[in-house]
Amino acid sequence: MAPYLSGKLAIGKLDCTDSKTKPVCDELSVRGYPTLKIYRDGDFFDYPGKRDADSMIAFAEKMSMPAVSLVSSPNLQTEISNILSNSDGFAFFIYDPRAKSDTKNDTKGGEELSLVEKYLASTTATQVFGQVARKLQDRAHFVMMAPGGHNDKNELQKLGFKGKGPFIAKVEVNVAPVVYQGKMNSMDVLDFVKENNVALMTDLQGHNFRTVAAMGRPMFIGVLDPSEARREEMDDFGLKLMNYAKDGDAKEEYRFATMDGIKWSNFLKQFDITSMALPQLLVLDAPKRVYYRNETIVGIDNFVKGIKDGTIGKQEQSTQTNDGAMENFHKFFVKYMPYSLLTVVLLIGVMIYFVLSDDDDEIRYQEMLKAQQTRARKVKEQKKLKPIKED
């Protein structure tokens, strides 16, 4: 990857098995290998994306660009749609009619500011938005609309704008925008972004499962079979779940998501969900390790009602995993490096010592046995000799 990112991102590595660097790894909460961390503005963050080369290169290119993308009317909807198609399907948007590009300070660190940086530096609201965007650039997408277009008001009303501005909202494809109603300060806007930094219905993958699970609400999961033969049935099920996420009575109580029931089959065994009985609904509160499941309850509304009235009982998530002995040993070995490595080396040394000791004992035994046999043979030969009598 390094050749593709030259001049965009510095790449370094740390050997966490080295006693000199292990304290740093402990401070950064490194528990397994490989672990990817991002360093920016004095803080370390976990890498939030997929671990294939293309995804990591795309992430690095994103981090090397301005934290906020600039769009303009009258093509606002088209431009935002293009941005959303390259993200997780949503982004955070700001419009401030007082923003200007002719700021007093046109340079930063000796370099001329880009157009979007000039807009962001021009008002309190845009400054706050820019600070939050830089803080969370690794895990969210941010967009600013340049003021001054003749169709600004019409375009903005489609996004939920009703006042004079400044205006901040979360925008998502085919979903009503979530408008920020708080004060224009960094802490409040930061909290708004963190609280809403997930699609209305997320496709759970290995890189985002823990993030969604830790966002303060139980996950309401539709477990699907993605095979081509059942695509129409699964699409219909997913659409019903999306509609409930938009307008359902309990929409504020859960984080809605879908999960590939074939790909995640081993994980789902602990909930007694098999690939032969899909689709199914699963409500999982991962931090509390409890879940709700009942395949005999049909319909999302009935499922929610069953949880509330106790028809669907709360169950405890198993602490056991479906990993084999070798997988569990590997996890244990990696977790306690380098002590586990030293223990294994010591055990191997002890085994070699005893093996060699056994070989020495065997050699000594064979030598002793041979000596005994030699003495016995000599004694036998002496008995055969007749004594000579003297005259």
Side-chain angles (χ1 to χ4, degrees), residues 88-90 160 170 172-179 181 192 194-205 208-227 229-320 322:
D88 293 323
F90 66 94
K170 171 193 170 185
E172 183 174 353
V173 176
N174 298 324
V175 175
V178 181
V179 179
Q181 305 288 353
F192 170 77
K194 288 182 176 179
E195 171 67 19
N196 293 281
N197 192 30
V198 63
L200 183 64
M201 192 164 76
T202 305
D203 181 24
L204 292 175
Q205 301 285 343
N208 64 11
F209 181 89
R210 290 185 179 180
T211 299
V212 179
M215 292 189 71
R217 301 181 198 172
M219 294 183 291
F220 200 112
I221 306 169
V223 185
L224 308 177
D225 179 352
S227 62
R230 303 188 65 189
R231 178 180 295 276
E232 185 175 347
E233 178 188 0
M234 297 300 146
D235 286 348
D236 181 65
F237 187 88
L239 180 60
K240 291 177 180 177
L241 187 59
M242 171 63 86
N243 289 336
Y244 190 91
K246 291 179 180 179
D247 303 313
D249 293 338
K251 64 180 182 180
E252 301 297 334
E253 299 178 22
Y254 302 101
R255 300 287 183 189
F256 292 87
T258 57
M259 176 180 284
D260 184 334
I262 307 301
K263 181 179 179 180
W264 289 71
S265 58
N266 284 335
F267 171 78
L268 292 167
K269 286 179 182 178
Q270 62 186 306
F271 309 111
D272 294 324
I273 295 178
T274 67
S275 58
M276 301 298 294
L278 300 179
Q280 281 200 47
L281 293 172
L282 171 69
V283 169
L284 174 61
D285 192 336
K288 295 181 180 179
R289 302 193 65 80
V290 298
Y291 69 96
Y292 300 84
R293 186 195 74 84
N294 189 326
E295 61 184 295
T296 66
I297 304 295
V298 179
I300 299 172
D301 287 300
N302 292 331
F303 196 90
V304 173
K305 181 181 178 182
I307 293 175
K308 291 184 176 180
D309 65 20
T311 303
I312 303 176
K314 179 171 64 176
Q315 301 181 64
E316 292 187 4
Q317 186 179 353
S318 171
T319 56
Q320 298 179 349
N322 292 307

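Nothing here was measured: the structure is a model prediction, and the numbers come from that model. The residues of the chain are indexed from 1 along the displayed sequence.
Few gaps surround NZ on K246; more than 12 heavy atoms of other groups in view lie less than 6.0 Å from it.
Considering only residues two or more places apart in sequence or on other chains, D285 meets the side chain to side chain contact (heavy atoms under 4.5 Å, CB included) condition with P218, P287, K288, V290. The side-chain hydrogen bond (donor to acceptor under 3.5 Å, both in side chains) search around Y292 returns none, not counting sequence neighbours. Not counting sequence neighbours, the partners of K263 by the side-chain hydrogen bond (donor to acceptor under 3.5 Å, both in side chains) test are Q205. Evaluation of the side chain to side chain contact (heavy atoms under 4.5 Å, CB included) rule for V198 yields T202, V212, M215, R255 as partners, not counting sequence neighbours. Under the rule for a side chain to side chain contact (heavy atoms under 4.5 Å, CB included), the partners of N196 that lie at least two apart in sequence or sit in another chain are F92, K170, V178, F192. M201 is linked by a side chain to side chain contact (heavy atoms under 4.5 Å, CB included) to L241, M242, F256, T258, counting only residues two or more places apart in sequence or in another chain. Applying the side-chain hydrogen bond (donor to acceptor under 3.5 Å, both in side chains) test to S227 and every residue at least two apart in sequence or in another chain returns D225.
Residues I273 and L282 have side chains in contact (heavy-atom distance under 4.5 Å, counting atoms from C-beta outward). Inter-residue side-chain proximity for D236 and K240 is flagged as met; some heavy-atom pair is nearer than 4.5 Å. Side-chain contact check for I300 versus L281: some heavy-atom pair is nearer than 4.5 Å. Side-chain atoms of F90 and L200, non-hydrogen and from C-beta on, never get closer than 4.5 Å to each other. Using a 4.5 Å cut-off on side-chain heavy atoms (C-beta onward), L278 and L224 make no contact. No side-chain heavy atom of P226 sits less than 4.5 Å from a side-chain heavy atom of M234.
We find the CG-CG distance between D260 and D203 to be 8.0 Å, quoted to the nearest 0.5 Å.
Pairs passing the salt bridge (charged side-chain N to carboxylate O under 4.0 Å, His left out) check and including a residue from residues 292-304, sequence neighbours excluded, read R293-E295. The stretch residues 208-220 participates, sequence neighbours left out, in these side-chain hydrogen bond (donor to acceptor under 3.5 Å, both in side chains) pairs: E195-R217. Counting only residues at least two apart or on different chains, the ring pair (Phe, Tyr, Trp, His ring centres under 6.0 Å) pairs with a member in residues 293-314 are F220-F303. The stretch residues 304-313 participates, sequence neighbours left out, in these side-chain hydrogen bond (donor to acceptor under 3.5 Å, both in side chains) pairs: D309-T311.
Put simply, the side chain of Y244 gets close to the backbone of A250: a donor and an acceptor are under 3.5 Å apart. Between the side chain of N302 and the main chain of V298, a donor-acceptor pair closer than 3.5 Å is present.
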- Could you give me the CA-CA distance, side-chain angles and deciding distance for Y291 and Q317, then say whether side-chain hydrogen bond (donor to acceptor under 3.5 Å, both in side chains) is met? CA-CA 7 Å; Y291 69 96; Q317 186 179 353; over 6 Å; no

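Residues E172 and G89 come closest through the heavy atom pair CG-O, 3.2 Å. Considering all non-hydrogen atoms of both residues, M259 and L268 come closest at SD-CD2, 3.7 Å. Scanning all heavy atoms of the two residues, the minimum distance from I262 to S275 falls at CD1-CB, 3.5 Å.
Taking the six-membered ring for Trp, W264 and F209 have ring centres closer than 6.0 Å.
At a cut-off of 3.5 Å, with distance as the only test, no side-chain donor of N197 or K194 sits close to an acceptor on the other residue.
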